[in-house]
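Residues: numbered from 1 along the sequence shown.
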Amino acid sequence: PVSRMQGFSRCRGLHRWLFLILWSAAGYHPDDHSCSWVHNAAQWHWLRRAAQDHLDGTSTWRSGSETFDVMGGIANCPFGVHVWHLLNTDVKGSVATMDMGRSLVTGFGLYARSPLYDVALSGWPTFGLLHRLCRGRASIHGGERCGARPSSSRVAGARAIVATRRAREWLASNRTKMPVLALATLREVAITMKEAHDRWMAIWKASVENSVVSLFLVTDMDWPCCQLWRELELLQTELRSLYELGCLSSHRNSEGKVCPACRLMAQAFWFEESYASSQSLRIMESWSMPSPAPGVGMKLVGLQAQRPKLQQRVALATILTCEDVRSGLGFNPQELASDEENLEKRAVLLAYIDAVRTLAFSAKRVVESEGDTQLPFIVLVSLKAGVSLPDEARGVLEGLERSGLISLKYLPPAPGHLKARSWGKALLWDLSGFDLVLYLDADTLFVGGVGDLLRAAGDGSKGVRFAASLTRSMTSLNAGVMLLRPEARVRDAMLNSFEEREHWTGLSRWSGQLWNATEAADSAAVAAASAAGGTAAPARRPKRSVLEDQDHLNEFAATHFMYQGELDLRHGHVGSDKPQGRQEDWLIAYTQTVLLGGAWRPQLGAYFTLPMAFNFCATTTCMQQFIEMRGPGRRAVIEQLDTAAEFRHLLSEEGGEISAGQRFAGRRAGARILHWPGDLRKPWQHCAEASRSPLDNEWWEAFADACAVAPPDAPCSLTC
């Protein structure tokens with residue numbers, strides 16, 4: 001109901017430069033201003049607590065007590081910088097002399113572009129600080145006179161106060177954490193707060209320069225009143241008590257327990273995403289067959305029992321690397337004390353292990369429901385030389401291994417020039433004790449069987465050598481789920497390809513970015529070079545782009561294997577050892593990209609794309625993109641949905657009582673394996689029920705079931 005992106009009237013350039021910085025920041029989320037997900041989130045958490053302690057009187061803020069470069073965060077945490085300025089202004093008592101120039105530095109202009117609703121949810125106690133400063137500013141004009149009759153030209157101030165109070169009263173009378181009611185309540189609050197914002201803006205947007213600061217703070221110089229900020233402070237306090245997580249850092253709650261949802265501390269920002277995902281799933285289901293084809297009324301378990309047993313040696317696998325810990329820290333560890341860094345590393349690693357536990361448990365449950373022999377779940381531990389797992393993490397992993405849920409395999413240290421993850425993926429082809437390996441990222445979950453996929457892969461020298469699903473663009477492969485046949489020559493070819501990659505130039509045909517592109521400081525140079533067709537690659541390369549590994553996999557597959565189309569699962573039921581590929585119209589874009597060329601090498605065998613059901617993107621962003629698809633892309637989605645028509649029919653016939661272990665939302669959509677790509681789209685980051693989509697709930701249910709049978713020496717760590 002309220003667009004977070006919409007702009008508000010400009011106050012004579014007051015906010016312009018801040019707004020440009022805010023929106024040009026590469027990592028800034030347009031709604032969530034909490035800064036709980038930025039690289040140095042722990043430091044912003046500290047500042048937020050210090051600001052609240054100052055307001056509460058627990059401890060007075062001391063200028064200069066911060067241990068990091070606050071102004072260096074203007075691009076990715078402008079509201080944190082704003083609060084820092086407010087604190088310093090308060091303790092120095094300089095609000096009475098604040099002029100236009102100082103207000104620019106302090107960041108008052110942020111309120112002209114950010115709805116009050118978003119600021120209230122962010123967790124920054126800005127309104128409480130502004131209330132304190134307002135009272136100081138009001139003293140210039142003889143103190144507060146909120147009860148006096150306002151001038152007719154400033155009646156908008158009173159209306160803004162009334163609208164804010166109405167929002168607070170609405171929230172108080174509808175205080176709830178129930179998912180549906182919580183969203184409805186917040187929508188009403190957002191609408192009312194927009195009204196307050198508009199009325200407040202009408203007061204000071206056209207003011208002359210010498211009065212704008214006073215008008216911003218006290219609403220009306222002829223009617224000094226700080227009640228607006230007080231009402232907003234009370235409203236924010238109520239919102240935070242309902243929908244905000246108390247956190248010490250990105251992965252630890254206020255009690256120090258493992259809580260990766262602290263990366264999305266302001267959980268209410270994600271309620272709309274949850275609702276959008278639910279609605280998208282309903283729309284997608286409406287595209288599919290309303291009822292199953294004749295003769296499919298038998299139970300799913302009965303169908304599964306008729307399938308032939310797997311004859312091949314198959315393993316499931318995932319990779320644990322030091323990079324998983326480093327990328328998930330949520331802050332730059334060089335900027336924090338070692339103890340704080342170690343506590344955060346511990347939390348990140350234990351959360352990751354719980355994700356692996358949940359994935360392995362979901363796989364075990366699905367395979368058992370299909371009547372197949374349990375498949376080993378291998379966790380490859382790939383670390384750099386001199387790096388080791390902490391004792392606690394190693395103990396949990398070994399406890400899971402003793403329970404039979406996983407099998408650990410420690411790889412030799414990765415070469416210095418290779419990422420530990422790249423090294424681990426190359427050595428997947430070293431698992432020679434198996435005919436097939438199904439690799440999965442830790443942010444995936446089994447919701448349906450994979451027996452037909454494994455049977456369709458064929459056997460021996462004629463079988464599938466490699467397969468992966470397409471991305472949503474249908475032009476490249478996603479590496480989150482891969483089916484491969486271990487073979488030393490493929491491993492060697494991939495390692496050689498990593499060596500050659502250092503000399504690749506120009507643009508990747510898969511992502512359009514430069515080969516050997518880098519992140520952070522080189523982003524501008526990369527963008528300029530990309531615009532110039534890859535002719536001016538930046539010289540400094542401290543850290544590769546996150547897209548490059550996936551680009552490399554795509555280039556390796558397209559130049560070392562022969563593409564055969566989408567793997568036909570129907571063919572696997574006849575027992576042939578040779579897989580068959582389908583040529584469908586949704587494969588045309590990818591096929592054309594493959595044919596763009598490359599340095600062709602000796603062929604290593606056939607490779608296929610997998611149906612999207614085996615790497616079904618479960619984020620809200622993906623759900624919305626799915627329902628916007630037209631033409632071939634939509635036909636691919638509908639085909640997947642049609643495979644679940646029988647399941648949906650049985651749900652309606654049997655009241656949802658399907659064989660044990662089946663989860664509903666993903667399977668209703670025809671998915672077999674759910675995948676949550678994206679740094680801020682993991683299901684375990686959604687603690688508040690109202691922030692969880694139906695597909696997120698699939699993960700949480702599996703996690704709860706896995707924890708219920710966790711061995712005593714390997715308990716679950718993740719908590720909300």
Side-chain angles (χ1 to χ4, degrees), residues 33-36 38 40-74 77-99 102-108 110-111 119-120 122-141 143-144 213-214 216-218 224-241 244-249 252-256 262 265-266 331 335-337 339-340 343:
H33 307 304
S34 68
C35 310
S36 58
V38 299
N40 59 335
Q43 295 163 335
W44 298 114
H45 278 289
W46 173 85
L47 180 61
R48 184 183 292 104
R49 292 195 305 273
Q52 192 62 58
D53 288 344
H54 178 74
L55 275 175
D56 296 341
T58 305
S59 92
T60 303
W61 170 256
R62 291 183 299 106
S63 294
S65 60
E66 67 280 356
T67 58
F68 65 105
D69 179 15
V70 175
M71 286 301 296
I74 187 67
C77 192
F79 273 94
V81 176
H82 173 55
V83 164
W84 178 70
H85 279 302
L86 294 179
L87 285 167
N88 289 328
T89 300
D90 186 42
V91 297
K92 292 176 181 178
S94 57
V95 67
T97 58
M98 179 175 284
D99 56 14
R102 182 60 188 168
S103 71
L104 280 169
V105 175
T106 302
F108 285 173
L110 289 171
Y111 296 90
V119 180
S122 71
W124 291 107
T126 55
F127 298 133
L129 289 168
L130 286 169
H131 183 227
R132 287 172 66 109
L133 296 179
C134 177
R135 285 178 293 174
R137 190 74 176 191
S139 64
I140 301 175
H141 308 288
E144 287 192 75
V213 179
S214 290
F216 178 89
L217 286 171
V218 302
C225 183
C226 301
Q227 191 60 34
L228 174 62
W229 300 115
R230 177 58 178 165
E231 291 290 343
L232 286 169
E233 179 184 12
L234 294 173
L235 175 61
Q236 183 180 46
T237 300
E238 186 82 1
L239 285 169
R240 292 179 67 186
S241 69
E244 181 183 305
L245 299 176
C247 299
L248 294 174
S249 66
R252 291 176 294 144
N253 65 15
S254 56
E255 298 176 352
C262 280
M265 179 194 73
F331 61 82
E335 298 174 352
L336 291 177
D339 288 345
E340 182 75 11
L343 288 171

Test your reading of the model: is there a side-chain donor-acceptor pair from [X] to the backbone of [Y], 3.5 Å cut-off?
X: W124; Y: C35; answer: no
X: N253; Y: E255; answer: yes
X: T106; Y: S103; answer: no
X: N40; Y: Q43; answer: no

Where do [X] and [Y] come nearest, in terms of heavy atoms and distance?
X: C247; Y: M265; answer: SG-CG, 4.1 Å
X: C262; Y: S36; answer: O-CB, 3.3 Å
X: L55; Y: P125; answer: CD1-CB, 3.6 Å
X: F127; Y: E233; answer: CB-N, 3.7 Å
X: V119; Y: Q236; answer: O-NE2, 3.3 Å
X: I140; Y: A96; answer: CD1-O, 3.2 Å

Roughly how far apart are [X] [atom1] and [Y] [atom2], rounded to 0.5 Å?
X: C226; Y: L217; atom1: SG; atom2: CG; answer: 7.5 Å
X: S59; Y: R49; atom1: OG; atom2: CZ; answer: 11.0 Å
X: E144; Y: C225; atom1: CD; atom2: SG; answer: 5.5 Å
X: H33; Y: T126; atom1: NE2; atom2: OG1; answer: 10.5 Å
X: L234; Y: H131; atom1: CG; atom2: NE2; answer: 8.5 Å

- For R135, the salt bridge (Lys or Arg N to Asp or Glu O under 4.0 Å) test, sequence neighbours excluded, returns none

- Task: State which residues pass salt bridge (Lys or Arg N to Asp or Glu O under 4.0 Å) with E238; sequence neighbours excluded, sorted by chain then number.
- Result: R175

- Message: I'd like to check M98 versus F108 (side-chain heavy atoms, cut-off strictly below 4.5 Å). Are they in contact?
- Response: yes

- Between E66 and W46, is any pair of side-chain heavy atoms under 4.5 Å apart? yes

- Give the C-alpha distance, both sets of side-chain angles, the deciding distance and a yes or no for side chain to side chain donor-acceptor pair (under 3.5 Å) between R240 and Q52. CA-CA 12 Å; R240 292 179 67 186; Q52 192 62 58; 2.9 Å; yes

What side-chain donor-acceptor pairs closer than 3.5 Å can you find for residues 85-95, not counting sequence neighbours?
| residue | atom | partner | partner atom | Å |
| --- | --- | --- | --- | --- |
| H85 | NE2 | V105 | O | 3.4 |
| N88 | OD1 | W61 | NE1 | 2.8 |
| N88 | OD1 | S63 | OG | 2.9 |
| N88 | ND2 | W84 | O | 3.3 |
| T89 | OG1 | H85 | O | 2.8 |
| D90 | OD2 | H54 | NE2 | 2.7 |
| D90 | OD2 | R132 | NE | 3.0 |
| D90 | OD2 | R132 | NH2 | 3.0 |

- For this output row, return yes or no: ring centroids of F79 and W44 closer than 6.0 angstrom. no

